[in-house]
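Just so you know, residue 1 is the first one in the sequence shown, and it goes up from there.
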Amino acid sequence: MRILHLIAFLAVLVTAVVERTREDHEIFDLVSAIEAAEGKGTTFYSWLEVPSTASTSEISKAYRKKSLQLHPDKNKGVKNAHERFARLGVVASILRNPEKRERYDFFYKNGVPRWRGTGYYYSRFRPGLGAVLTFLVMLTSGLQYLVQKMNYNRDLKRVHEIRDQARAAAWGQKMTPLEGQRKVKVNLGGGPRLDEDGNVIAGKTVDMVVEGDDVYILEADGSMFPVNSDTAVPPSIKRTWFLSLVTSLVGKVVRRDGTKIEGASAEPEGGEEDSDGGSGTASDVPSSGAVTPREGSTSGGGSVKGGQRGATTMAGGRRRKAVRRK
């Protein structure tokens with residue numbers, strides 16, 4: 001029984017709140033309409049030419065006097081005469097009702113809020129399904145683009161950290177550039193840590209080569225992949241979910257008709273691959289946010305080895321063409 005009483009109380013409370021909201025909306029509409037028709041700053045009291053402390057009888061007397069002035073029969077041919085007369089009757093009814101007048105006096109003293117609530121604007125404008133869907137698409141696409149931007153900035157930061165680590169290992173703490181190639185090991189997985197058995201394991205390290213200002217990941221077969229800002233995938237509106245979906249559907253329809261989008265099936269020269277693989281994904285290595293080339297071609301032009309794939313995809317990012325360095 002107590003639960004039923006609680007539910008009944010909440011229902012009455014919600015009904016009262018909704019009703020109060022409707023009264024507020026009526027007042028908001030009247031305030032806006034009167035200021036638009038009678039002049040900025042016109043209030044219910046100033047329109048009736050009575051003070052805010054006027055009694056109910058004084059308000060009724062002022063209403064009768066004002067209604068004679070604004071009656072449509074005496075204002076034939078006057079634009080919006082009927083609307084002004086009807087509006088006057090609503091204003092008088094609000095001021096003669098103690099509860100409604102108390103509510104109006106609150107806004108009269110404190111001012112009508114600039115934001116009048118989502119319910120007010122929705123009930124006035126009532127956007128259709130198309131408008132709602134358009135808003136949701138724009139909102140979700142904007143949020144996805146923001147995530148892409150955040151991932152891109154994070155990946156750039158990680159790339160710079162890896163390059164600094166490699167240079168520090170090759171040149172020393174003073175960071176004095178040395179000539180020639182320097183092969184170093186760079187820790188991409190954080191410091192030493194304990195496994196489940198309590199054994200100390202080192203962080204994930206990779207072989208890298210530093211040559212001047214350039215830093216490369218060294219593969220087992222001798223291929224080297226550059227690590228620079230081009231590795232990170234920049235944000236793009238075209239890769240948001242809605243535009244990607246539209247592009248995919250258009251591509252399927254075009255291919256079904258037997259035609260091809262210009263340049264869509266063109267093969268990169270020299271067998272080079274360039275793929276955007278997502279929206280700036282982070283590293284697959286624990287505690288690593290690096291973005292490094294995913295995959296490259298071997299120096300002999302053959303297929304990519306399994307070990308090579310693991311090394312090049314350890315930090316995510318776009319595929320880069322291998323650079324053979326001697």
Side-chain angles (χ1 to χ4, degrees), residues 151-197 199-234 268 270-278 280-326:
N151 288 340
Y152 177 67
N153 293 334
R154 179 198 60 196
D155 293 342
L156 283 180
K157 180 179 179 181
R158 181 58 177 166
V159 167
H160 292 316
E161 289 177 354
I162 293 175
R163 289 172 60 86
D164 290 341
Q165 291 180 30
R167 290 171 177 172
W171 299 341
Q173 295 300 325
K174 294 183 178 181
M175 298 292 287
T176 302
L178 301 176
E179 296 182 357
Q181 293 184 351
R182 297 279 176 168
K183 180 180 177 181
V184 296
K185 287 186 176 294
V186 177
N187 186 354
L188 298 183
R193 59 187 183 276
L194 298 177
D195 60 9
E196 296 180 355
D197 299 328
N199 300 319
V200 178
I201 56 176
K204 180 66 175 180
T205 60
V206 296
D207 292 329
M208 305 191 77
V209 173
V210 178
E211 183 179 6
D213 291 334
D214 298 326
V215 178
Y216 303 90
I217 291 179
L218 179 63
E219 300 292 350
D221 63 350
S223 299
M224 295 195 300
F225 296 84
V227 179
N228 50 43
S229 58
D230 293 337
T231 308
V233 181
E272 179 181 355
E273 295 183 358
D274 188 8
S275 173
D276 278 348
T281 57
S283 171
D284 295 335
V285 179
S287 303
S288 169
V291 177
T292 54
R294 286 189 173 181
E295 184 175 350
S297 59
T298 61
S299 58
S303 62
V304 179
K305 306 292 185 181
Q308 180 179 350
R309 178 185 298 273
T312 56
T313 60
M314 64 179 58
R318 70 170 59 176
R319 299 175 182 175
R320 304 283 296 177
K321 183 179 180 180
V323 179
R324 170 66 70 180
R325 295 283 179 173
K326 297 183 180 179

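- Between V215 and A166, the shortest heavy-atom contact is CG1-CB, 3.8 Å.
- With rounding to the nearest 0.5 angstrom, the OG1 atom of T231 is 8.0 Å from the CD1 atom of I217.
- For the pairing with V184, the side chain to side chain contact (heavy atoms under 4.5 Å, CB included) check across R167, Q165, M208 returns one residue only, M208.
- Atoms CG and CG, from N228 and L156 in turn, are 10.0 Å apart once rounded to the nearest 0.5 Å.
- Rounded to the nearest 0.5 angstrom, E179 CD and E211 CD are separated by 11.0 Å.
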Assess the residue pair K185 and V206 against the criterion (side chain to side chain contact (heavy atoms under 4.5 Å, CB included)); give the C-alpha distance rounded to whole Å, side-chain angles, the decisive distance to 0.1 Å, and a yes or no.
CA-CA 5 Å; K185 287 186 176 294; V206 296; over 6 Å; no
